[in-house]
Amino acid sequence: MSWKSYALGAATVAALLATTACEPGSITGSDDAKPSDQPSATSSAAPSEAASVTPGETASGDTGGSGGDSDTIAACTGDDLAVSSTTEPADDKEARHLLLTVQNAGDKTCNVYHYPYVKIGDAKGTTPVIKDSDPDPGKPVTLAPGDEAHAALLVAGGGMDEYEANSITLTLHSSRLGSKAGNPIDVPMPVDTVYADDGQLVTYWTTASGLALDFITSK
């Protein structure tokens, strides 16, 4: 073999080695690496790991009121509601415990917010609310047509300054706590006259009448 043939062969081997060093897998020192073994810049979390929101559910997992997303449902107005009141128990002659009820008499779903502003007779202010009576803090009560919401009213809590009253009104809350929506609504009274005092209290709206009454019947 001539020295020229030997030099040509050595150059060929060197070229082959250089080509092999540039092939995939040579960086890790293994030719067994597969695409699935390498991290992908486009890989993402599996569907089961991603946060999802189903209809009627918020991103935190809390479900909204019946009838849809409460943010897209209009607030109930006095024109939408039929208002009534009953004594609890029904044969209570003193009428110290009343159940106030509003029913959606319209043809569209609507929300009632927080608690009613109640005024008994000629009281200078509205009836204080029992703050821990909110069944679902921060959320309205959603009423489909025909649905009812209840608030329990303690007319006299054994306080002072008893006075006679021949009327009760309620004013609806708007979505913002502490704000009012619309004008006072006359509440039909189950008796002609009630005797109120400064121990009067009212609960938040709820669809469970028994839950509302529990907050006042022990007082």
Side-chain angles (χ1 to χ4, degrees), residues 53-92 95-120 126-155 157 168-190 200-219:
V53 178
T54 57
E57 184 178 348
T58 65
S60 62
D62 296 328
T63 56
S66 62
D69 186 348
S70 63
D71 290 337
T72 64
I73 297 173
C76 298
T77 68
D79 293 336
D80 299 320
L81 302 174
V83 181
S84 61
S85 67
T86 56
T87 56
E88 295 295 333
D91 59 354
D92 181 14
R96 290 182 62 245
H97 305 104
L98 299 183
L99 184 68
L100 308 180
T101 300
V102 292
Q103 182 184 50
N104 184 354
D107 57 4
K108 294 181 180 180
T109 297
C110 63
N111 288 331
V112 289
Y113 290 91
H114 310 299
Y115 55 88
Y117 290 102
V118 174
K119 188 174 182 181
I120 304 175
T126 57
T127 303
V129 67
I130 302 174
K131 292 182 179 180
D132 61 355
S133 65
D134 191 349
D136 202 354
K139 293 186 178 181
V141 176
T142 300
L143 300 178
D147 285 353
E148 295 179 341
H150 311 278
L153 174 62
L154 179 64
V155 176
I168 298 174
T169 63
L170 69 81
T171 303
L172 298 170
H173 241 101
S174 65
S175 59
R176 182 170 58 86
L177 184 63
S179 61
K180 294 181 179 181
N183 298 316
I185 302 169
D186 290 326
V187 178
M189 293 176 57
Q200 60 189 256
L201 295 168
V202 69
T203 68
Y204 276 74
W205 292 116
T206 176
T207 56
S209 59
L211 175 64
L213 289 168
D214 284 345
F215 285 96
I216 68 166
T217 51
S218 60
K219 299 182 182 297

Distance in Å, [X] [atom1] paired with [Y] [atom2], rounded so as to fall on 0.5 Å steps:
| X | Y | atom1 | atom2 | answer |
| --- | --- | --- | --- | --- |
| L170 | K119 | CG | NZ | 13.5 Å |
| I185 | D79 | CD1 | CG | 8.5 Å |
| W205 | S133 | CH2 | OG | 11.5 Å |
| C110 | D147 | SG | CG | 9.5 Å |

Do the non-hydrogen side-chain atoms of [X] and [Y] ever get within less than 4.5 Å of each other?
| X | Y | result |
| --- | --- | --- |
| T171 | N183 | no |
| L211 | P135 | yes |
| V141 | D136 | no |
| T87 | P190 | yes |

Stepwise side chain to side chain contact (heavy atoms under 4.5 Å, CB included) check, L153 with I120:
CA-CA 10 Å; L153 174 62; I120 304 175; 4.1 Å; yes
Give the C-alpha distance, both sets of side-chain angles, the deciding distance and a yes or no for side chain to side chain contact (heavy atoms under 4.5 Å, CB included) between V187 and L100.
CA-CA 8 Å; V187 178; L100 308 180; 4.1 Å; yes
Give a yes or no answer on whether the side chain of [X] reaches the backbone of [Y] with a donor-acceptor pair at less than 3.5 Å.
| X | Y | result |
| --- | --- | --- |
| N104 | K108 | yes |
| T127 | Q200 | no |
| S85 | L99 | no |

Quickly, which of T101, T206, T203, T207 forms a side chain to side chain donor-acceptor pair (under 3.5 Å) with H150? Name it, please.
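Running side chain to side chain donor-acceptor pair (under 3.5 Å) over T101, T206, T203, T207 with H150 returns exactly one hit, T101.
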Would you please test D92 and H97 for side chain to side chain contact (heavy atoms under 4.5 Å, CB included) and show each step?
CA-CA 8 Å; D92 181 14; H97 305 104; 4.3 Å; yes
Let me check something: any side-chain donor-acceptor pairs from residues 173-182 under 3.5 Å, sequence neighbours excluded? List them with distances.
unit_1 : atom_1 : unit_2 : atom_2 : d
H173   : ND1    : Y115   : O      : 2.9
H173   : NE2    : Y117   : OH     : 3.1
H173   : NE2    : G178   : N      : 2.9
S174   : OG     : S179   : OG     : 2.1
S179   : OG     : R176   : O      : 2.5

No-hydrogen, no-angle side-chain donor-acceptor test under 3.5 Å, N111 and T142
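There is such a pair (donor and acceptor under 3.5 Å, judged by atom type) between the side chains of N111 and T142.
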At their closest point, which heavy atom of P145 faces which heavy atom of D107, and how far apart are they?
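Shortest heavy-atom contact: CG-C, 3.6 Å.
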How far apart are the closest heavy atoms of A152 and A212, and which atoms are they?
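Taking every non-hydrogen atom into account, CB-O, 3.3 Å.
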List in chain and number order the residues that pass side-chain contact (heavy atoms from CB on, under 4.5 Å) with D132, two or more places apart in sequence or in another chain; answer none if no residue qualifies.
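Expected list: I130, F215.
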Candidate pair V129 and Y204, rule side chain to side chain contact (heavy atoms under 4.5 Å, CB included), full reasoning
CA-CA 7 Å; V129 67; Y204 276 74; 3.7 Å; yes
